[in-house]
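Report on the structure given below.
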Amino acid sequence: MRLNLVYFAWVRERIDLPSETVETDAKTVAELITELRARDARYDLAFSDTTAVRVAINQELCEFSSALADGQEVAFFPPMTGG
Amino acid sequence: MAVSVQVDAFDIGAELGEMRKDTRAGALVNFTGIVRGGDDLVALELEHYPAMTKSALEAIEAEARARWDLIDTRIIHRVGRLALGEEIMMVAVSAPHRADAFQAAEFMMDFLKSRAPFWKKEHFKSGTQWVDAKDSDEGALRRW
């Protein structure tokens, strides 16, 4: 399946990319992260401490155990610091 | 009930003046976040997730209106590069009575800090640094 990945703040800076489309068979967000970390050192660094990473699927906050489906937008970013 | 995400500065007085036009309101509470100087900070940069920001803010507003007796709510949040002393954002709540207005404003601020997709980057004279979320920010949500 195909996913649109988007990155923000230091996750974006570490991966050095604002967004990309990936082909994957990952069933969950956690599996997708494992796949990405194996790709190269930039992803490995960005996801080295997943307690500091939040995820949203189709603009809704979700969990690393959440299931993925074709065509979704999956966003990775640090804990939010607005206000 | 309205939310705005914008680069431009906003006029707090004009926003509150608009909310005061509804004479059912006996209380009007406003919080304004300002870029605080110190430690050689020269500017603050605000990044956000455009596709998600507005819906996240609207959800916070809707939840506040479901919990308290409110007349109107307003959230404005700026993005981009802001200089010291500039306003970052405002939350305003009008209600018949002050307890509802105070509580709803605090609730909205607590959720905005940890659930709306904004990220602050500090620009110092000698470099930049992303602001870390505080454990107390997440803890603040539990009291609601």
Side-chain angles (χ1 to χ4, degrees), chain A residues 1-22 28-29 32-33 36 41-83, chain B residues 3 5 31-36 44-60 75-80 82 87-91 105-122 127-141:
Chain A
M1 66 181 166
R2 186 174 286 239
L3 298 173
N4 183 35
L5 306 186
V6 291
Y7 310 115
F8 294 97
W10 56 253
V11 176
R12 170 179 54 72
E13 289 182 345
R14 287 181 189 178
I15 294 172
D16 200 21
L17 209 59
S19 66
E20 62 184 319
T21 302
V22 295
T28 64
V29 174
L32 175 64
I33 289 174
L36 291 171
R42 293 171 302 148
Y43 295 90
D44 195 36
L45 174 66
F47 293 108
S48 59
D49 177 10
T50 48
T51 63
V53 176
R54 301 287 178 269
V55 59
I57 297 178
N58 290 345
Q59 299 88 43
E60 293 268 356
L61 287 169
C62 61
E63 307 292 330
F64 291 122
S65 58
S66 299
L68 297 172
D70 187 45
Q72 285 174 330
E73 178 168 285
V74 182
F76 292 105
F77 42 77
M80 294 160 269
T81 54
Chain B
V3 307
V5 180
F31 172 83
T32 308
I34 295 162
V35 182
R36 183 181 63 239
L44 198 60
E45 185 185 339
L46 264 296
E47 177 171 330
H48 75 128
Y49 180 2
M52 178 176 169
T53 317
K54 226 174 162 199
S55 60
L57 294 176
E58 282 166 356
I60 292 167
I75 302 175
I76 305 176
H77 207 301
R78 294 177 69 190
V79 292
L82 305 176
E87 66 279 8
I88 306 165
M89 50 79 60
M90 68 170 269
V91 159
E106 271 213 279
F107 169 89
M108 287 167 70
M109 277 311 303
D110 282 349
F111 276 79
L112 189 151
K113 273 193 113 56
S114 304
R115 292 290 182 271
F118 293 99
W119 299 276
K120 288 194 187 98
K121 189 182 207 176
E122 293 171 321
T128 64
Q129 189 180 330
W130 289 99
V131 173
D132 277 329
K134 298 188 193 76
D135 289 341
S136 58
D137 290 342
E138 196 62 31
L141 303 186

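These values consider heavy atoms only, across backbone and side chains, with no hydrogens, waters or symmetry-generated copies. Residue numbers begin at 1 in each chain, while the letters A, B, ... track the order of the sequences.
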More than 12 foreign heavy atoms under 6.0 Å from [atom1] of [X]: is that the case here?
X         : atom1 : value
Glu63(A)  : CD    : no
Lys121(B) : NZ    : yes
Asp49(A)  : CG    : yes

Worksheet item: Looking at Glu73(A), Glu60(A), Glu13(A), which one has more heavy-atom pairs under 4.5 Å with chain B than the rest?
Response: Glu13(A)

Practice prompt. Please work out whether the ring planes of Phe8(A) and Trp119(B) are parallel, tilted or perpendicular, with thresholds of 30° and 60°.
Written response: parallel

Fill in: Side chain, backbone, both or neither of Arg115(B) within contact of chain A (heavy atoms, under 4.5 Å)
both

Worksheet item: Contact part of Lys120(B) toward chain A, heavy-atom cut-off under 4.5 Å: side chain, backbone, both or neither?
Response: both

Practice prompt. Quick one: which of His77(B), Glu45(B), Met109(B) has the most heavy-atom pairs under 4.5 Å with chain A, could you say?
Written response: His77(B)

Item to complete: Return the option, out of Met89(B), Arg78(B), Met90(B), Lys134(B), with the maximum number of heavy-atom pairs under 4.5 Å with chain A.
Response: Met89(B)

Practice prompt. Check whether Ala56(A) gets within reach of chain B through its side chain, its backbone, both or neither, counting any heavy atom under 4.5 Å.
Written response: side chain

Fill in: Region of Arg54(A) in contact with chain B, defined by heavy-atom distances below 4.5 Å
neither

Worksheet item: Could you state the interatomic distance from CH2 (Trp130(B)) to CH2 (Trp10(A)), rounded to the nearest 0.5 Å?
Response: 11.0 Å

Worksheet, complete the sentence: The reported gap from CD in Glu138(B) to CE in Met80(A) (rounded to nearest 0.5 angstrom) is 8.0 Å

Practice prompt. May I ask you to test the Met52(B)-Leu61(A) pair for a side-chain heavy-atom distance under 4.5 Å?
Written response: yes

Worksheet item: Does the Gln59(A) side chain pair with the main chain of Ala51(B), one donor and one acceptor, at a distance under 3.5 Å?
Response: no

Item to complete: Grab the two heavy atoms, one from Asp132(B) and one from Thr81(A), that are nearest each other, plus how far apart they are.
Response: C-CG2, 3.9 Å

